[in-house]
Amino acid sequence: MTGAVRQVVEGLLSDRPQEVPGQGWDEELGRQATDALADAGWLGVGLPEKLGGEGGDLADVIEIVDAVGSIGWPSPVADQLLISNGLLEHAGVARPSRYVVVVPALGSANADGVTVTADAVPWAPWATHLVVVSPAGERTATLSLVEPGHAHLRPGRTLPGAPFAEVRLDRAPALSTTVVGTAATDLIGFVRSLGSLSRAVQSRSALRRIQELTLQHVRMREQFGRPLSAFQAVQQHVAALAGEAAAAEAAIGQAIDGMTTAADVVDGPRLATARVRAATAAREVVRLAHQLHGAIGITREYELHRHTLALLAWRAEFGTEREHAVQLAEAAAAAPDLWSWLLDES
Amino acid sequence: MDDRKLRAEVRAFAVRTMAALGLRPRCDSWMVSHSPEFSRALAARGWVGMTMPSEYGGHDRSFLERYVVNEELLALGAPVAAHWFADRQVGPSVLRHGTEEQRRRYLPGIAAAERYFAIGMSEADSGSDLAAVRTRATEVPGGWRLSGAKIWTSHAHRAHSILVLARTDPPAERRHTGLSQFLVDLDLDGVEVRPIATMDGEHHFNEVVFHDVLLGEDALLGARGRGWEQVTAELAYERSGPERFLSTMPLLRALMREADCAGPAVGSLLAELRSVRVLSYQVAQMLDQGRVPTVRSALVKDLGTQLERRVVEVACSLAPVRPDPHSADELPRLLGEALLHNPDRTLRGGTNEILRGIVARDLVGSSAGRLVP
């Protein structure tokens, strides 16, 4: 079941290869492909038109993320749609430019300017605007837009090659400042939840594609005169992979169930469940998919690594598996009764 | 779905009735905790045979409502073993394949929790390989003559009837053909029930031997030779329920009350519980839509039973007690009971290896070709 949105986005991307043969993902080609999506308005989906967006709901956003994810190259699209648009919508701030990167750490803003330090901000090197959250009053925060030229960036790359940077702003001038009726620490928590949501949704796309690739491979590849899928040892792995993927799918599904926009995200057991289960599935599915693919799976030419390396890297972003697991355990331990807590009754 | 009212009613009923009967919460209660009194009281509330039509004594409720009731009972470790097998799989099978006369004969008793069933599938020489059953039903004037033996039949010594898979005709090109199902009352002449003690010292398993037992024509359930298809559907019911991930919930609840659980090991279990619960509920939705979720229930059972086992392992590492099934204290008792049943979680109802084979062959399609051992 491929939606219309997904078809268009996949079409746009398939015309723009992002790879230099033999050298893997090329950041410049990646930017050209993503620019094409931005030019066509796809990065404004999920944000109301009055805020410079294109309208559309979470289902549309997820179709776009799935389309980008099925190709598997590093991409800022999920974060633009889920983190940036989610925060802009919540704050009622119009989208100022193409790549709006939210700094997920508490800053300070006063007459001297905006100051913040954040470690490993995904896609910060691509930013055309940075967004910084700072305390205002007790129950309010300011959202400052800053030109990235004012930032000290220390860039790096994740395992699959996605750019990130340590971001430092030292009394940088704000282009605009908006007061939001949410306490700054809560707003930073909200940004992290949006990030968590983004990684959960991306993980689901990757798990689906890995399962697809693996099933294709075990059907087609023959050894000892038979397709791999005829061997019981292979079947056990295939089913284990499918079970892990299904569990993660269910976990991520229950986290987004009932949401109509990214801004609906809530930091709670449902989201933590999605992240923990996606991380567990990442570990097992990556192991099994590579085992089933054999040596072809670890070549640069074959697609598998785009998804497996990304899955492994995402586990540690916007909260680790352990942090999310402890969050769940602490919440359950504090509840009067485990069963009621599991049913979200309390 | 707003099921809070139903959940609250079941919870209150189960707690009150268990207290009145002096029955404690147990892990694996649907296997080991057999109380006709509890089952009949449950049936009197309309919570047995829920999905059966009222004309057969059922309650016309949805599979989702049944799911909710069973979740609550299992989470409390309530004594539901007496009616469990009849309610779970024999009722739906008789409804689906039975004659009008068979429905009227068996279903009201099942819904009232007055008639309990044992399941006669495995044999001494055919455990996972069900198509190899050797119990034989031979056509004789007026009916059938049944001979052979079934094994691992839980609670056959307390049941009224048994649903038997037997060979009626020689296998044709496929060895799954020529099998049929029979509804057999356990008080018939020539039926012998021999106890088999499990390693915890308890007796729920039996061997049921049929010494040329004479059955009427009306003992055949469904079509002659269609036993494999029928038993496959029956197994979908057998494998589909919340008992495939909640068997150790009483232990986890006790652990959360008595031990320091605020760490990543328990967090990971909780994420798994929430995830598997979604999958299990989706299976109930499939049943509700009239589908037979053979593959999906196999996948969920594989995940759920592994989760049950992990609960016991985590409890062993966190509980500040020694496992002791005879302890008067709850946590050591539940831990001991659950440990003694840990090996069979991933065996009963089809081993996880068999389940994964079902899942994989469905995923890779017919191009998988013939199996290579």
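So that the names make sense, note that chain A is the first sequence line, chain B the second, and so on, each numbered from 1. Side chains included, hydrogens not; waters and symmetry mates left out as well; all remaining heavy atoms used.
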If the threshold is 4.0 Å, N to carboxylate O, is there a salt bridge linking A:Arg283 and A:Glu244? no
Tell me, side chain or backbone of B:Leu255 under 4.5 Å from chain A's heavy atoms, or both, or neither? neither
Contacting region of A:Gln254 [heavy-atom separation from chain B under 4.5 Å]: side chain
Lys/Arg cation over aromatic B:Trp47: B:Arg66, 6.0 Å, 45° cone: no
Residues B:Tyr281 and B:Gln285: side-chain donor-acceptor under 3.5 angstrom: no
Using the ring of each side chain (for Trp, its six-membered ring), is A:His293 parallel, tilted or perpendicular to A:His217, with breaks at 30° and 60°? parallel
Chain B contact via A:Leu338 - side chain, backbone, both or neither, heavy atoms under 4.5 Å: side chain
For B:Leu307, the option from B:Leu246, B:Thr248, B:Val276 that meets side chain to side chain contact (heavy atoms under 4.5 Å, CB included): B:Val276
Report the residues that fulfil salt bridge (charged side-chain N to carboxylate O under 4.0 Å, His left out) with A:Arg287, sequence neighbours left out, ordered by chain and then residue number. A:Glu284
Show the numbers, then the answer: is there a side-chain hydrogen bond (donor to acceptor under 3.5 Å, both in side chains) between A:Gln202 and A:Arg199? CA-CA 5 Å; A:Gln202 285 180 296; A:Arg199 293 298 171 269; 2.7 Å; yes
Given heavy-atom pairs under 4.5 angstrom as the criterion, report whether the side chain, backbone, both or neither of A:Gln211 touches chain B. side chain
Answer with side chain, backbone, both or neither: which region of B:Gln306 has an atom nearer than 4.5 Å to a non-hydrogen atom of chain A? neither
Could you work out, with side chain to side chain donor-acceptor pair (under 3.5 Å) as the rule, every residue matching B:Asp28, not counting sequence neighbours? B:Arg345, B:Arg348
Which of residues 237-245 of chain B get closer than 4.5 angstrom to chain A, counting heavy atoms alone? none
Enumerate by number any residue of residues 266-280 of chain A whose heavy atoms lie under 4.5 Å from heavy atoms of chain B; in the absence of such residues, state 'none'. A:Pro269, A:Arg270, A:Thr273, A:Val276, A:Arg277
Among the options A:Ala240, A:Ala248, A:Ala332, A:Ala246, pick out the one with the most heavy-atom pairs lying under 4.5 Å from chain B. A:Ala246
Give the C-alpha distance, both sets of side-chain angles, the deciding distance and a yes or no for side-chain hydrogen bond (donor to acceptor under 3.5 Å, both in side chains) between A:Gln235 and A:Ser229. CA-CA 6 Å; A:Gln235 292 182 356; A:Ser229 59; over 6 Å; no
